[in-house]
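Residue numbers run from 1 in the order of the sequence given.
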Amino acid sequence: GADGMKVWDLKTRKEIRVPQQPSHERSQVSCVCWVTRRNETMDMLCYGNGLGFLVFLQHRPSEGRFEVIFSARLARGGEIICIAADTSNGSTVRLATGTRDKCVQVWLFDSSSRKLSPVHSKAYGSEKEIVPKAVAFDDNDERDLYIFGLYDGGLREKHLQASAGFANVISLANEEDSGNASVDIDRKICVVDNVFNGFDVYKMDSGNFVKTLITKEAEKTYPKGVAFADKSHLIVGGSDHGVAYIFERKTGKVLKRLKHAKKGGVETI
């Protein structure tokens, strides 16, 4: 939140120190992503905030703290609302970011040189309701990018090696507005917060609707957190009434209700 990042060691149950945001970039943290490479010896994560700053932190275990190794303001300075990482490359991390002011960008980050290099950048005008609420890399050789629209209910696949346009635009049939989304690339399925009464599961290659995982009709229609768990056998989703739900993916059955708060939203999973 507005206090910045907090990280805990689950083995020792102790907080690991994270530097406070400097005054010129201080804002609410809006999204976080682990970006540790396969051959990396120290854990690394990045976060975006409400002023459009992207910040990379690297763990220093011997000192019990995280160190800021890179920070920059992206695009037009809009809030960064989604981050996805591809760590399959041994030398660099491929990163995708989406911002509130309709910018989608792809980057390469090298933690050794502490350099962020642009790969792809696209800003959409007011005539297109493409606000990228969630992004995910495909597992093909080109590492193409899936983009979920916040207001238009669309799923787009962007060929990053193409000069312009989308390779595929899939309309998610039941979605007019949508919130957060989670992707299982191996199974080519996604789950989308439908904002109103739960979460909708789709096949990504066709956009075909599979099922709705029902919580209850929402009183406040803001985006809620959702994620696959246990090798996608489970789906965990938030709500506007303080409860996190654990669903069995194939049947849609609610296996557990976790009471997070008496009231208010469960926006992050």
Side-chain angles (χ1 to χ4, degrees), residues 1-75 77-100 103 105-119 134-137 180 182 223 225-230 236 238 244 258 260-261 264-269:
D3 292 335
M5 282 285 303
K6 290 186 181 294
V7 182
W8 284 266
D9 185 321
L10 294 181
K11 290 183 179 179
T12 64
R13 300 186 180 184
K14 292 183 178 180
E15 185 177 345
I16 303 173
R17 285 182 291 129
V18 175
Q20 287 190 343
Q21 301 177 82
S23 58
H24 71 279
E25 64 181 55
R26 188 170 297 149
S27 180
Q28 182 169 342
V29 173
S30 49
C31 50
V32 182
C33 184
W34 288 100
V35 291
T36 308
R37 299 177 314 199
R38 291 179 180 178
N39 60 349
E40 195 80 57
T41 57
M42 291 180 287
D43 289 330
M44 187 167 64
L45 60 82
C46 69
Y47 69 81
N49 74 10
L51 293 179
F53 282 92
L54 181 67
V55 181
F56 287 83
L57 301 166
Q58 195 168 54
H59 189 203
R60 306 294 185 197
S62 61
E63 302 172 25
R65 66 183 181 93
F66 274 86
E67 176 191 10
V68 175
I69 61 172
F70 182 87
S71 176
R73 199 174 195 184
L74 304 186
E79 176 189 4
I80 300 174
I81 56 177
C82 56
I83 300 175
D86 171 24
T87 59
S88 59
N89 190 312
S91 58
T92 57
V93 174
R94 178 171 283 210
L95 204 74
T97 57
T99 60
R100 180 77 63 182
C103 293
Q105 294 175 286
V106 178
W107 313 85
L108 289 177
F109 182 71
D110 187 335
S111 59
S112 300
S113 64
R114 303 187 178 190
K115 183 178 180 182
L116 185 70
S117 304
V119 174
V135 289
F137 286 104
N180 290 301
S182 185
V226 63
F228 287 102
D230 190 21
V236 184
L258 305 175
H260 175 70
V266 182
E267 300 180 47
T268 304
I269 300 292

State, yes or no, whether a side-chain contact exists between N180 and I269 at a heavy-atom distance under 4.5 Å.
no
Taking atom CG of L57 and atom CE of M42, what is their separation to the nearest 0.5 Å?
12.5 Å
Over all atoms of both residues, closest heavy-atom pair of A227 and S182
CA-OG, 3.7 Å
Where is the tightest heavy-atom contact between I16 and G64, given as atom of each residue plus distance?
CG2-O, 3.8 Å
Which value, rounded to the nearest 0.5 Å, describes the distance between T36 atom OG1 and H59 atom NE2?
10.5 Å
So, applying side-chain contact (heavy atoms from CB on, under 4.5 Å) with F70, which one of L116, V55, D110 is it?
L116
Qualifying residue for side-chain hydrogen bond (donor to acceptor under 3.5 Å, both in side chains) with N49, from R73, Q28, R26, Q21:
Q21
If we only count heavy atoms from C-beta on, is the L54 to L95 side-chain gap below 4.5 Å?
yes
Y47 to M5 - nearest heavy-atom pair and separation
CD2-CG, 3.3 Å
Is any side-chain heavy atom of I69 closer than 4.5 Å to a side-chain heavy atom of M44?
yes
Is any side-chain heavy atom of P118 closer than 4.5 Å to one of W107?
yes
Kindly compute the distance separating CZ (F137) from OG1 (T87), expressed to the nearest 0.5 Å.
10.5 Å
Interatomic distance, CD@Q58 vs CZ@R65, rounded to 0.5 Å, equals 10.5 Å
R60: salt bridge (Lys or Arg N to Asp or Glu O under 4.0 Å) partners, not counting sequence neighbours
E67
Quick one: does S30's side chain have a donor or acceptor within less than 3.5 Å of a partner on I81's backbone?
no
For the residue pair C103 and L74, establish whether any side-chain heavy-atom pair is separated by less than 4.5 Å.
no
Relative to the ring of F109, is the ring of F56 parallel (under 30°), tilted (30 to 60°) or perpendicular (over 60°)?
parallel
Calculate, to the nearest 0.5 Å, the distance between atoms CG and CD1 belonging to L45 and I83 respectively.
9.5 Å
If you measure from NZ on K14 to CG on D9, what distance do you get to the nearest 0.5 Å?
9.5 Å
On a heavy-atom basis, which atom in C82 and which in C31 lie closest, and how many Å separate them?
N-SG, 3.8 Å
Minimal heavy-atom distance between V119 and R94, with the atoms involved, is CG1-NH2, 4.4 Å
